[in-house]
Amino acid sequence: MRILRLAELSANELSALKRRAEVDIEQALSVAGEAIAKIRQHGDEGVLEYARKFDFPGAETGNLKVTEAEFAFAREAIAPELKAAIAHACANIREVHQRQLPEEIQLGEIAPGVFAGEKVSPIASAGLYVPRGKGAFPSVMLMLAVPAVVAGVKRIIVCTPPGKDGSVEPASLVAAEMAGVSEIYKLGGIQAIAAMALGTETVPKIDKITGPCNVYGSAAKRLLYGTTNVGLPAGPSESIILADETTDPRLAALDLLVEAEHGPDSAALLVTHSEAVGLKAAENASEYLKQLPEWRRQFCSTGLSTHGGILLTESLQQSIDFVNEYAPEHMEILTADPMSLLGAIQHAGEILLGPYTPIPTANYCIGVNAILPTGGFARSYSAVSVHEFLKRASLGYLTREGFDRLKHTTQTLADYEGFPAHAMAIRERDAWLQTRDRAQSK
Ligand SMILES: NC(=O)c1ccc[n+]([C@@H]2O[C@H](COP(=O)([O-])OP(=O)(O)OC[C@H]3O[C@@H](n4cnc5c(N)ncnc54)[C@H](O)[C@@H]3O)[C@@H](O)[C@H]2O)c1
Ligand SMILES: N[C@H](CO)Cc1c[nH]c[nH+]1
Ligand SMILES: [Zn+2]
């Protein structure tokens, strides 16, 4: 467990800390570029080559799509308690995202005769990427499928990596069905992203792909930016636990390990100006680590000694300033009065308040979305929500009074910018209206 003192970090050390995992996307870009070129040229055959190589040796065009029999098997394969948990989480996620829905039409009079607003509509098709490499993610299935369905997207497909035998994780299938999504393809990584972005004989070309993925999927998204909308940058998991001298170090230690266990590239930090709490939490974390299985303990130990750890600051304000610079994917406020700090937190994908709101409750079932921007992108991207699957058209309406009110300004700006047809559309229309008025007044 690294213990860092913010005041003692060099500029390079600080920027390395904020850069998180050196996501070696460069290495992945070459394999992604090759795969995308093949899939662009050969469609399904290109997809199958990479699907067989990296996931499912028996992949064929005929078995890429999950069948009704596989859904039926999944329903029976999972324990009633797990099914009930997925249903409970799904209900809360649906409730939260339904509350996010905006009015379809908003039009207001901003000046006499001048009406302005917007028209909200769902995107036509969405491709949801549900990862499977280092974990099973029925929760991610819910976090992507529920808002897409609530938004009213007509065509929703899912790509998720299968096992070597071509099977798809059953709880994720049950979650998809509960969310209202049934078109699921057994594809992961680059081949999944490329198939959805480009379209093949089997996989439809999709208007927007969204969902967290590893460095390979991320490389494909980067190369296919512009071919389709590749959604928010959701990469390796990361978190900041913000503590003060009142924080129970055991809770801080427990919650520090949560996101650390996702992978060796996860970044989990405890940020506090209380050296006593920080050092005690480090001790507690070492004890709690012993309760994890070896592979998850390894993930935590690697991440907490390279990208994460305990960061000691000199004041609560300095801790808050660091949070805003770092812009974590997840953050917990475990200080004496979390609500009082809410206004000060400007950049985070998710803000959880107090000792009864540990990150896993939001990962799974508070109902807020857990697919969040990583890598500092919480400075400019939002958590997934119903808005991820909606778009807004500007809406304008002028009465004759409104036209008369705006015609001079419109023409002046068109003339200045050198757009004569823009100006002519106003000038000639105005002459036509004046002529019509005179004719009608006789
Ligand atoms: N930001 C979020 O909201 C969020 C949510 C959940 C998970 N995550 C993160 O998403 C990531 C998911 O990554 P993952 O690996 O578990 O699953 P993944 O599905 O992204 O990656 C597995 C795929 O990688 C491909 N692959 C593996 N090795 C390859 C190679 N050598 N060359 C080319 N392709 C290869 C395979 O096709 C496989 O299907 C994790 O880092 C996790 O922490 C983030
Ligand atoms: N913490 C992950 C996002 O970084 C979400 C998740 C799903 N399951 C467990 N955790
Ligand atoms: Zn998590």
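When a ligand or atom number is given, it counts from 1 through the structure's own listing order.
- Not close to ligand 1: Y50, with no non-hydrogen atom less than 4.0 angstrom away.
- Proximity annotation for atom 10 (N) of ligand 2: of N363, I359, L142, N363 comes nearest, heavy atoms only.
- R52 and E60 are joined by a salt bridge, as a carboxylate oxygen and a charged side-chain nitrogen come within less than 4.0 angstrom of each other.
- Note on ring orientation: taking the six-membered ring where Trp is involved, the planes of Y397 and F115 are tilted (angle from 30° to 60°).
- By the 3.5 Å distance cut-off applied to N or O atoms, Q191 is counted among the residues near ligand 1.
- In terms of protein heavy-atom proximity, atom 29 (C) of ligand 1 is nearest to Y216 CE1, 3.4 Å.
- For the pair T374 and ligand 1, the shortest N or O to N or O distance does not fall below 3.5 Å.
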Practice item. Check the pair K53, E49 against salt bridge (charged side-chain N to carboxylate O under 4.0 Å, His left out), reporting the backbone distance first and the verdict last. Key: CA-CA 6 Å; K53 181 175 179 182; E49 178 184 333; over 6 Å; no

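- Taking 4.5 Å as the limit, every side-chain heavy atom of N369 sits out of range of all side-chain heavy atoms of S385.
- Residue L372 has at least one nitrogen or oxygen atom sitting less than 3.5 Å from a nitrogen or oxygen atom of ligand 1, judged on distance alone.
- For ligand 2 and E259, the ligand atoms under 4.0 Å from any heavy atom of the residue are 1 (N), 2 (C), 4 (O).
- Residue Y288 qualifies as enclosed at atom OH: its count of foreign heavy atoms under 6.0 Å is above 12.
- In terms of protein heavy-atom proximity, atom 4 (O) of ligand 2 is nearest to E329 OE2, 2.6 Å.
- Ring orientation note: the planes of F419 and H422 are tilted relative to one another, at an angle of 30° to 60°.
- The atoms of ligand 2 that sit less than 4.0 Å from any heavy atom of A370 are 3 (C).
- Residue pairs meeting the side chain to side chain donor-acceptor pair (under 3.5 Å) criterion with at least one member in residues 231-245, sequence neighbours excluded, are R20-E238, D244-T246, D244-T247, E245-H273.
- Not a single N or O atom of E238, backbone or side chain, sits closer than 3.5 Å to an N or O atom of ligand 2.
- Looking from atom 15 (O) of ligand 1 to the surrounding protein, the closest heavy atom is N214 ND2, 3.1 Å.
- Residue F54 has no N or O atom closer than 3.5 Å to an N or O atom of ligand 1.
- T202 and T61 are not linked by any side-chain donor-acceptor pair at a separation below 3.5 angstrom, with hydrogens and angles left out of the test.
- Shown in contact with F137 at under 4.0 Å from a heavy atom are these atoms of ligand 2, numbered in order with element: 7 (C), 8 (N).
- Listed by number with element, the atoms of ligand 1 under 4.0 Å from a non-hydrogen atom of G188 are 37 (O), 39 (O).
- In terms of protein heavy-atom proximity, atom 2 (C) of ligand 1 is closest to E329 OE2, 3.2 Å.
- For ligand 2, the atoms lying closer than 4.0 Å to a non-hydrogen atom of S237 are 2 (C), 3 (C), 4 (O).
- Heavy atoms of A192 stay at 4.0 angstrom or farther from ligand 1.
- When hydrogens are left out, the protein atom nearest atom 9 (C) of ligand 2 is Y364 OH, 3.2 Å; that is the closest non-hydrogen contact.
- Within ligand 1, the atoms closer than 4.0 Å to a non-hydrogen atom of A234 are 1 (N), numbered from 1 in the order shown.
- The distance from ligand 1 to the heavy atoms of P236 drops below 4.0 Å at these ligand atoms: 41 (O).
- Of the polar atoms of I190, none of the N or O atoms is found under 3.5 Å from an N or O of ligand 1, judged by distance alone.
- Neighbouring protein atoms of the Zn ion (ligand 3) (N, O or S, distance under 2.8 Å, waters ignored): E259 OE2, H262 NE2, N363 OD1.
- At a threshold of 4.0 Å, the pair K38-E34 does not count as salt-bridged, since none of the basic side-chain nitrogens sits closer than that to a carboxylate oxygen.
- For atom 36 (C) of ligand 1, the nearest non-hydrogen atom from the set L187, D265, D55 belongs to D55.
- In this structure, S266 does not count as a contact residue of ligand 1, since none of its heavy atoms falls inside 4.0 Å of the ligand.
- The nearest protein atom to atom 7 (C) of ligand 2, hydrogens excluded, is given as S139 OG, 3.3 Å; this is a heavy-atom distance.
- Nearest protein heavy-atom contact of atom 2 (C) of ligand 2 is H262 NE2, 3.5 Å.
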